[in-house]
Amino acid sequence: MRILSGIQPTGEIHLGNYLGALKQWISLQNENECIFFVADLHSLTVPYNPKTLQKSIIEKVISYIAAGLDPEKVTIFVQSHIKEHTELAWLLNTICPLSELERMTQYKDKAKKFKSNINAGLLDYPVLMASDILLYKSEGVPVGRDQTQHVELARTLARKFNQKFGKTFVEPKDILPKQGAKIMSLTDPKKKMSKTDSSQSYISLFEDPESIKKKIMSATTDSGKGIKFDPIKKPGISNLLTIYSLLSDKPIKEVEKAFKGEGYAALKKSLADLVIEFLEPFRKKQKEMAQREVYIKEILTRGKDKAQRIAEITLQEVKEKMGLI
Ligand code: TYM
């Protein structure tokens, strides 16, 4: 299968990004043709600092490798290096109903969050994402739950284009983890963990142990007692149990059993130790990779060349089918 996915460069990669997306990328890389990129053009739609963006883009590539992507097996590139992404986005714009974009949950959330900067890019964001996916005729898109609506739009646009202009695109499918598709915020477990919220609400993949401990120990939990998985009545504890289960590779039932009769603090303390231990190799690899700038640039040049070859062919085909010269 051809697999494709991306992460925006702004903000830090957190446990939610890892458990929802990156972890899947890593397990898919052995059996599939994988293309992963840094979605820098998407990140321009919300307030950001142009002075630090370049650094953040490189840091994301380092994070991918530190988390376990093997640059010898997968293609890694930066979205803005392949101009075909924006060109195809324009062409897809012409077949995308405005109403589809206006009903997107993420658009509505971001328009609320960034009231003073509701730019056209924010609305058009899912069309660029459809372009990312369709340009490479991707079959599978490993993402967290918040992105499924966008992948669905990519599928709708592929179908629409094929009907109108003849079979061109593959209809992509999202690939969601069975557990962990929506990791919740540590400070407000009714909201998803997000890098645009306060840093207290998430754990970065490269966070130092002291800080991990502090954040987990002060994570918002629920009233009452008892360590029980119940996302409606006990969203805080259920989120911590999910993270525990995924990082320890133990079913939630087993974790519940292990903490039977214990208080919330015992679970938190044990989870903090588990997260610290789990992320230790990530921190090490990240430090090592941060010293290898030439190697990282080489990976990106190779990735760009490979992606470019596929992108050019698809775009040429699309333009011809649409009647352009
Ligand atoms: P982004 O950068 O917001 O998030 C990257 C990936 O992490 C997943 N994710 C989560 N999973 C579980 N729990 C959470 N709390 C959580 N928060 C984030 C996201 O679902 C995503 O998979 N638009 C995309 C980037 C993108 C893309 C693409 C992805 C651009 N073009 C094409 C796939 C294919 C985004 O902003 O992801």
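Note that ligands are numbered from 1 as they come in the structure, with each ligand's atoms numbered from 1 the same way.
Taking every heavy atom of Lys182 and a limit of under 4.0 angstrom, the matching atoms of ligand 1 come to 12 (C), 13 (N). Using a 4.0 Å cut-off to heavy atoms of Ile133, the atoms of ligand 1 that qualify are 32 (C), 34 (C). Those atoms of ligand 1 that come under 4.0 Å of a heavy atom in Ala39, given as number and element, are 30 (C). If you number the atoms of ligand 1 from 1 as listed, the ones under 4.0 Å from a heavy atom of His42 come out as 30 (C), 31 (N). Taking a cut-off of under 4.0 Å to the non-hydrogen atoms of Ala21, the atoms of ligand 1 that pass are 6 (C), 7 (O), 22 (O). Remark: ligand 1 atoms within the under-4.0 Å shell around heavy atoms of Gly144 are 8 (C), 11 (N), 19 (C), 20 (O), 22 (O). Annotation for ligand 1: atoms under 4.0 Å from non-hydrogen atoms of Tyr125 are 23 (N), 24 (C), 35 (C), 36 (O). Every atom of ligand 1 with a heavy atom of Gly180 under 4.0 Å away is listed here by number and element: 12 (C).
For atom 25 (C) of ligand 1, the closest heavy atom belonging to the protein is Gly6 O, 3.4 Å. What sits closest to atom 33 (C) of ligand 1 on the protein, heavy atoms only, is Ser5 OG, 3.5 Å. Protein heavy atom nearest atom 13 (N) of ligand 1, with residue, atom name and distance: Ile183 N, 2.8 Å. Protein heavy atom nearest atom 7 (O) of ligand 1, with residue, atom name and distance: Asn17 ND2, 3.1 Å. Closest to atom 11 (N) of ligand 1 among all protein heavy atoms lies Gly16 O, 3.1 Å. Taking atom 19 (C) of ligand 1 as the reference point, the nearest protein heavy-atom neighbour is Asp146 OD1, 3.3 Å. In terms of protein heavy-atom proximity, atom 32 (C) of ligand 1 is closest to Met129 CG, 3.6 Å. What sits closest to atom 31 (N) of ligand 1 on the protein, heavy atoms only, is Asp132 OD2, 2.6 Å.
Between Gln79 and ligand 1, no pair of N/O atoms sits closer than 3.5 Å. Any N or O atom pair closer than 3.5 Å counts here, and Lys195 shares at least one such pair with ligand 1. Checked by distance only, ligand 1 and Val141 stay at 3.5 Å or farther apart across all their nitrogen or oxygen atoms. Checking only distances, Gln106 never comes within under 3.5 Å of ligand 1, N or O to N or O. Every N/O-N/O distance between Pro142 and ligand 1 stays at or above 3.5 Å. Taking distance alone, with nitrogen or oxygen atoms compared against 3.5 Å, Met193 approaches ligand 1 more closely than that limit. Distances between N or O atoms of Gln8 and those of ligand 1 include at least one value under 3.5 Å. Looking at ligand 1, you won't find any N or O of His150 less than 3.5 Å from one of its N or O atoms. The N/O atoms of His14, backbone and side chain alike, include none that comes under 3.5 Å of an N/O atom in ligand 1.
Contacts with ligand 1 closer than 4.0 Å are made by side-chain heavy atoms of Phe37 only, the backbone lying farther away.
Rounding to the nearest 0.5 Å places OH of Tyr18 at 9.5 Å from CG of Leu246. To the nearest 0.5 Å, atoms CD (Glu277) and CD (Glu280) are separated by 9.0 Å.
With a 6.0 Å cutoff to the six-membered ring centre and a 45° limit on the axis angle, Lys215 counts as a cation-pi contact of Tyr202.
Around atom 12 (C) of ligand 1, the closest heavy atom drawn from Ser43, Ala181, Pro126 belongs to Ala181. Across the listed options Gln24, Gln147, Lys60, Gln147 owns the non-hydrogen atom lying nearest to atom 24 (C) of ligand 1.
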Item to complete: Take Tyr136 and His85 through the test ring-ring contact (aromatic ring centres under 6.0 Å, His included) and record every step on the way to the result.
Response: CA-CA 10 Å; Tyr136 300 94; His85 287 244; 5.5 Å; yes

Fill in: Worked verdict on Leu91 versus Lys319 for side-chain contact (heavy atoms from CB on, under 4.5 Å)
CA-CA 8 Å; Leu91 300 173; Lys319 282 167 115 176; 4.1 Å; yes

Practice prompt. Could you give me the CA-CA distance, side-chain angles and deciding distance for Gln79 and Asp132, then say whether side chain to side chain donor-acceptor pair (under 3.5 Å) is met?
Written response: CA-CA 8 Å; Gln79 185 187 32; Asp132 300 335; 3.0 Å; yes

Item to complete: Mind running side-chain contact (heavy atoms from CB on, under 4.5 Å) on Leu205 and Leu22 for me, showing each step along the way?
Response: CA-CA 11 Å; Leu205 274 199; Leu22 255 177; 4.2 Å; yes

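With contacts defined as side-chain heavy-atom distances shorter than 4.5 Å, the pair Arg103/Gln149 qualifies. Taking 4.5 Å as the limit, every side-chain heavy atom of Phe114 sits out of range of all side-chain heavy atoms of Thr45. Between Ile216 and Ile203, the closest side-chain pair of non-hydrogen atoms falls below 4.5 Å.
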Please table the atom pairs, donor to acceptor, closer than 3.5 Å between any side-chain atom in residues 285-297 and protein atoms at least two apart or in another chain.
{"residue": "Glu293", "atom": "OE2", "partner": "Lys297", "partner atom": "NZ", "Å": "3.3"}

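Taking the six-membered ring for Trp and the full ring otherwise, Tyr244 and Phe259 have centroids separated by under 6.0 Å.
The pair Glu317-Lys137 meets the salt-bridge criterion, with a side-chain N (NZ, NE, NH1 or NH2) lying under 4.0 Å from an Asp/Glu carboxylate O. Residues Glu210 and Lys213 are not paired through a salt bridge, judged by the lack of any N-O separation under 4.0 Å between the basic side chain and the carboxylate. Of the charged side-chain nitrogens involved, at least one lies within less than 4.0 Å of a carboxylate oxygen, so that Arg159 and Glu171 count as a salt-bridged pair.
Donor-acceptor pairing under 3.5 Å is lacking for the side chains of Tyr107 and His150.
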